[in-house]
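See structure below.
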There are 2 protein chains.
Amino acid sequence: MAEDSAVIGRSGSYSTGVARRREILDRAIEVFAERGSDGASLRQIAKAIGVSHTALLHYFDSREQLLVAVYEHAEWTRGETHPWPAEATAVDRLVRAATENVKVPGLVQLYSTLVATALAEESGASKEFFTRRFEVTRENIAAWLRRDQALGLVREDVDADMIAAMLVAASDGLQTQWLLDSSVSLIETLRAFDALLSPCPGAAADRPEPADAPDRD
Amino acid sequence: MAEDSAVIGRSGSYSTGVARRREILDRAIEVFAERGSDGASLRQIAKAIGVSHTALLHYFDSREQLLVAVYEHAEWTRGETHPWPAEATAVDRLVRAATENVKVPGLVQLYSTLVATALAEESGASKEFFTRRFEVTRENIAAWLRRDQALGLVREDVDADMIAAMLVAASDGLQTQWLLDSSVSLIETLRAFDALLSPCPGAAADRPEPADAPDRD
DNA sequence: GTCTATACGTCGATAGAC
DNA sequence: GTCTATCGACGTATAGAC
């Protein structure tokens, strides 16, 4: 992920390892995007790439670690492209992420499968990855929420950390419901948080400044 | 589920089928509650019950249908016991359901696994069961929300059906996060919906009655 | 109807040859 | 680095005992 940028510029000889690893991940992402996580056995992924399934285990310790790496790589590849406008709110970011996710149902399926695996195991690659990932995601959203609060866009009588967990949960859960029944209005429902989180018009309101100076802690 | 009550009271001879089926489900629920969904292979469940694994397939068409039946039966068994106080709000009910769920992590794991399976398959028992289940759950919560709105407990500027989907999603997602990291305050975060959904103090407010007359449709 | 025994194909994983 | 061979466990199907 970050490590290879320090390696691939070298002589080109032993960089083939990480380059090949990346090729495998890129191709595996396509497999998931096209066929979903149904044909996701190690042997079927290997066949789609054109190698034996044991070859994959030379780059990844297990099937589970391969799948986690695929999801991580897909997320990273996608996140690289377009920057965020500075004025985007926390809900704005959730909405865009969800919009992009539903375009690739196979990856949402993969996400759901891996989270279920993480819940079921005593310990393992999935568990550690997703525990950490939820933690980071919650922290990011909480920071945006605090900025939104400082800007007067979000009511201040709620705890940003709790709302962050709630937003992540709602986003995940709504994507699940949407995949099962597309009549569930994913984006609209996420947008409903705008109304729930906006400061009440006649509220007490001893807000410090009208805008502009976010007092981050 | 409802069908057997019309059968088991009969002569007692051919009712042994559904009785045995029920025994299997009861024992399987214990297995999941004790060991989670890790040792959830057909063969391991059969061993815990004390029969060969093929015996299970005489009562259930496949492993997947057995697992769905286990979850359904566990949910039904639990729901039988205690009635709801009439004054409980939609959020109250979510909170109690979540409180009971986290007492049996194995069943939450099973739920998560089955939902992931439902998302991954083109069609199948899990997909149909959970699509329908989400639909029913959303409708129930939406009805409670509309009652809460009529009672003046929930703001009326939001759509009950959308909020229902949001509440189900948040509840599912928060249970997932809680299982991975118990520092996430599941109940408190669900309770935060009370503040988000309560009518704003100084809002426009052309509410019909102060309380007391829920106009159910 | 209830259940065991057996077999088939596939799975993730390992060991060792080239 | 990639292969073949092999392992035990899996879900499923079938035949037949009681």
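Quick note on labels: first sequence line is chain A, next is B, and so on, each numbered from 1.
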Assuming nearest nucleotide by heavy-atom distance, tell me which of A/S62 and B/H53 is located more 5' along DNA chain C.
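Its nucleotide being nearer the 5' end, the pick is B/H53.
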Rounded to whole Å, please give me the gap between [atom1] in [X] and [atom2] in [N].
X	N	atom1	atom2	value
B/L66	D/dT12	CG	P	10 Å
B/L57	D/dG11	CG	C1'	8 Å
B/L56	D/dT12	CG	P	11 Å
B/I45	D/dA9	CD1	P	17 Å
B/R63	D/dA13	CZ	P	14 Å
A/I49	D/dC3	CD1	P	11 Å
A/K47	C/dG9	NZ	C1'	12 Å
A/L42	D/dC3	CG	P	12 Å

Which part of the nucleic acid, if any, lies within contact of [X], taking any heavy atom under 4.0 Å across all strands shown: a base, the sugar-phosphate backbone alone, or nothing?
X	answer
A/F60	nothing
A/A55	sugar-phosphate
B/S41	sugar-phosphate
A/T54	base

Looking at D/dA9, I'd like to know if its phosphate oxygens (OP1 or OP2) sit under 4.0 Å from a side-chain N or O belonging to B/Q44.
no
Hydrogens and angles aside, do B/T89 and B/D92 bring a side-chain donor and acceptor to less than 3.5 Å of each other?
yes
Verify the distance criterion only: is there a donor paired with an acceptor across the side chains of B/Q175 and B/S171 at less than 3.5 Å?
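Side-chain D/A pair, B/Q175 to B/S171: present.
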Would you say [X]'s side chain and [Y]'s backbone share a donor-acceptor pair under 3.5 angstrom?
X	Y	value
B/S62	B/Q65	yes
B/Q177	B/V184	no
A/S198	A/A195	yes

Comparing A/S52 with B/E64, nearest DNA chain D nucleotide closer to 5' gives the residue A/S52
Quiz item: A/R43 side-chain donor-acceptor pair to C/dG12 base, under 3.5 Å
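Check passes, donor-acceptor contact within cut-off.
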